[in-house]
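Order of the sequence lines sets the chain letters (A, B, ...), proteins ahead of strands, with each chain counted from 1.
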2 protein chains.
Amino acid sequence: MKMIPDGSVDLIFADPPYNLQLGDGLTRPDQSTVDGVNDAWDQFGSFAAYDAFCRAWLSEARRLLKPDGAIWVIGTYHNIFRLGSIIQDLEYWIQNDVVWVKTNPMPNFRGTRLQNAHETLIWAARGKESRPTFNYHSLKTANDDLQMRSDWTFPLCTGQERLKNGGKKLHPTQKPEALLHRILLGTTNPGDLVLDPFFGTGTTGAVAKRLGRHYIGIEREAAYIDAAAERIAAIEPEAAEMVTPMPSPRREARIPFGRLVEDGLLSPGTVLYCAKRRYRAKVKADGSLATPGATGSIHKIGAHLQNAPSCNGWTFWHVERQGRLLPIDTLRQTVRAQMASMAS
Amino acid sequence: MKMIPDGSVDLIFADPPYNLQLGDGLTRPDQSTVDGVNDAWDQFGSFAAYDAFCRAWLSEARRLLKPDGAIWVIGTYHNIFRLGSIIQDLEYWIQNDVVWVKTNPMPNFRGTRLQNAHETLIWAARGKESRPTFNYHSLKTANDDLQMRSDWTFPLCTGQERLKNGGKKLHPTQKPEALLHRILLGTTNPGDLVLDPFFGTGTTGAVAKRLGRHYIGIEREAAYIDAAAERIAAIEPEAAEMVTPMPSPRREARIPFGRLVEDGLLSPGTVLYCAKRRYRAKVKADGSLATPGATGSIHKIGAHLQNAPSCNGWTFWHVERQGRLLPIDTLRQTVRAQMASMAS
DNA sequence: AGCTGTGATGAATCAACGT
DNA sequence: AACGTTGATTCATCACAGC
């Protein structure tokens with residue numbers, strides 16, 4: 001980075017080491033081993049060491065940004081708070097934080113925490129007075145004419161897109177091109193210069209080339225450099241107007257049963273009945289159903305009472321309203337309708 | 001907070017202010033006055049003052065948590081990075097960060113940035129060795145039997161739930177009860193003590209009372225205190241049996257395998273099989289399993305035969321009953337049921 | 001060609017208890 | 001405090017084999 005002159009870069013995308021500090025030997029319920037990130041480049045002795053490292057590269061990054069330049073960084077709770085604080089301390093000016101909601105995250109295999117289903121990005125201008133590029137209408141058009149939100153839904157980088165070496169992943173943390181696509185489309189113009197100081201397998205370069213942006217990549221590992229060069233060489237630049245639109249980030253809202261209780265549509269203690277009132281169960285505050293001898297989800301309890309292998313609790317269970325039985329699926333549709341009307 | 005004794009609180013929920021107005025007599029919790037800031041140092045001064053304020057209350061919060069206590073904080077990109085860094089510096093141990101995805105966020109009217117459509121929560125234990133309450137099965141059941149993720153979708157607090165004063169909203173950032181409902185259901189037990197040091201209009205207290213949790217609220221503004229008191233007084237607590245978490249298999253009474261032999265549910269010499277009948281072993285009178293070349297516990301022999309580091313023998317091994325394979329875990333449940341009926 | 005079942009895998013701070 | 005034993009625990013997606 002020291003070779004790059006002051007004020008010469010339009011945008012920086014940085015995916016720095018996350019400082020994960022993992023234990024070893026995590027196994028799945030089927031006894032297979034989880035291939036965690038234990039590379040040497042992710043080892044830092046302390047928060048102080050990690051902070052010093054990040055302050056150094058973030059400070060240098062700011063030097064070489066143009067006055068209206070901006071930076072994106074990505075991380076998880078292990079490091080994103082360090083990054084965000086340092087960015088603020090260095091007098092960058094945060095525009096937004098963005099959450100990448102993963103459609104297919106790895107589960108928490110031990111049932112000890114919530115499933116870690118998102119990563120966080122920070123978009124910051126070089127300073128408070130900067131006017132960074134923001135293609136508001138491009139993003140709005142890509143989002144079915146709705147203003148682009150700060151939560152972005154994408155799958156992990158898997159399948160053909162994931163670079164492999166002898167059948168195994170080449171890089172532990174390759175980012176999806178769709179993520180970079182939205183970032184570069186939204187916050188750079190064609191011909192801009194994009195810098196990625198943690199280039200890895202070159203996702204930033206690949207997307208920049210395809211979208212007609214110039215790029216500089218910095219990487220330490222020779223194996224990654226070679227793979228990135230080969231990957232980018234195969235990219236055919238596209239005319240900006242030919243770029244395929246991104247899939248809509250909106251998905252059909254999945255409403256779990258517990259949500260009806262959280263929203264107050266069903267209060268704890270309410271009795272649910274099957275259509276013929278042959279079976280009954282009580283709603284608990286955590287969204288489980290209780291019958292004498294068993295407690296569980298609407299599906300589990302429905303199956304249990306009928307002695308069936310499975311059951312769709314949404315259609316099986318009913319709530320009494322004005323003397324008549326109403327399927328709880330109707331309440332779910334109420335929630336969906338509320339969400340839709342509020343969003344519009 | 002200084003009046004609350006050490007190690008007396010199970011959970012803290014904190015929604016701290018971030019739009020601190022400096023220079024109008026702001027004092028730190030230790031009563032020292034925050035220095036006025038001049039223009040040149042304004043930005044740095046703001047962050048430094050905010051950091052000092054948060055370090056003070058987060059430090060005090062940690063003092064009064066029980067050893068296995070935990071804290072939730074909520075914020076936006078203006079303050080969440082400061083909060084997260086301080087939480088890590090104070091040697092809390094982050095469990096997850098959670099994003100509250102808003103179904104109906106306020107638009108960005110000027111079109112200069114992305115729509116701010118989420119807020120961030122941090123869930124942290126008092127320390128690395130803490131074992132905070134986590135009702136994994138309650139959350140999983142409420143989520144239609146899928147592990148609860150770190151992205152939570154809720155609407156803003158609006159409509160009847162939003163406290164008003166002469167038609168205008170009483171508090172600028174009243175949180176939805178549904179959010180607190182999920183937090184308290186997932187990370188406290190009935191009877192726990194919950195502290196909210198920025199009580200506002202008392203959402204934490206209202207949900208805590210409804211769910212059978214005790215609470216302490218701290219608030220400076222008299223108008224909020226009055227509104228919160230009135231609000232909470234109108235709350236009717238749910239029945240006790242409706243607010244208990246799903247039973248956890250980890251808390252069930254431990255039944256040693258030998259107990260099945262002692263109780264005559266398995267006689268010595270019985271052959272056990274894995275689900276696919278690929279492995280087999282014989283039950284010995286002392287409750288060990290014997291295979292050619294090895295003898296040991298159901299877990300040890302299961303791991304040994306599969307060449308795995310470990311194995312849950314209760315689910316791995318099956319006994320033949322009427323030509324079909326029955327998991328020995330079923331026999332353990334029989335013993336547990338007998339114990340429960342004798343105890344009652 | 002199309003369907004079905006099996007196996008692999010992804011930025012993960014991933015256990016509790018008795019001796 | 002350290003160590004060994006018991007035993008609880010996974011979702012979405014893709015590749016590939018088999019039919």
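For residues 305-315 of chain B, the set of pairs meeting the salt bridge (Lys or Arg N to Asp or Glu O under 4.0 Å) definition, not counting sequence neighbours, is empty. A side-chain hydrogen bond (donor to acceptor under 3.5 Å, both in side chains) check over residues 169-179 of chain A, counting only residues at least two apart or in different chains, returns the pairs A:Asp15-A:Lys175, A:His171-A:Thr173, A:Glu177-A:Arg210, A:Glu177-A:Arg231.
If you find the closest nucleotide of DNA chain D to A:Met106 and to B:Trp314, the one lying nearer the 5' end belongs to B:Trp314.
Note: CG (A:Asp42) to C1' (C:dA12) measures 11 Å, nearest angstrom. One interatomic measurement links the two molecules: CG of A:Asn19 to P of C:dA12, which rounds to 15 Å at whole-angstrom precision. Taking atom CD of A:Glu161 as the reference point, atom C1' of C:dG10 lies 13 Å away to the nearest angstrom.
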**Request:** Any chance you could encode DNA chain C as dot-bracket? Rule is Watson-Crick or G-U wobble with both distances under 3.5 Å; [ ] for pairs crossing earlier ones, | for another strand.
**Result:** .|||||||||....|||||

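Using a 4.0 Å cut-off, no side-chain N or O of A:Lys169 falls inside it from OP1 or OP2 of C:dT9. At C:dA16, none of the side-chain N or O atoms of B:Arg250 fall inside 4.0 Å of OP1 or OP2 (strictly under the cut-off).
Judged by the 6.0 Å and 45° rule, B:Arg332 forms a cation-pi pair with B:Trp314. Relative to the six-membered ring of B:Phe134, A:Arg113 misses at least one condition, a distance below 6.0 Å or an angle of at most 45° to the axis.
Of all nucleotides in DNA chain D, those with any atom nearer than 4.0 Å to a heavy atom of chain A start and finish, going 5' to 3', at D:dA8 to D:dA15.
Taking the salt bridge (Lys or Arg N to Asp or Glu O under 4.0 Å) definition, one finds that A:Asp286 meets it with nothing, sequence neighbours left out. For the side-chain hydrogen bond (donor to acceptor under 3.5 Å, both in side chains) test, no residue two or more places apart in sequence or in another chain qualifies with B:Tyr92.
Interface remark: the A:Lys175 side chain does form a donor-acceptor pair with the C:dA11 base, using a distance-only criterion of under 3.5 Å.
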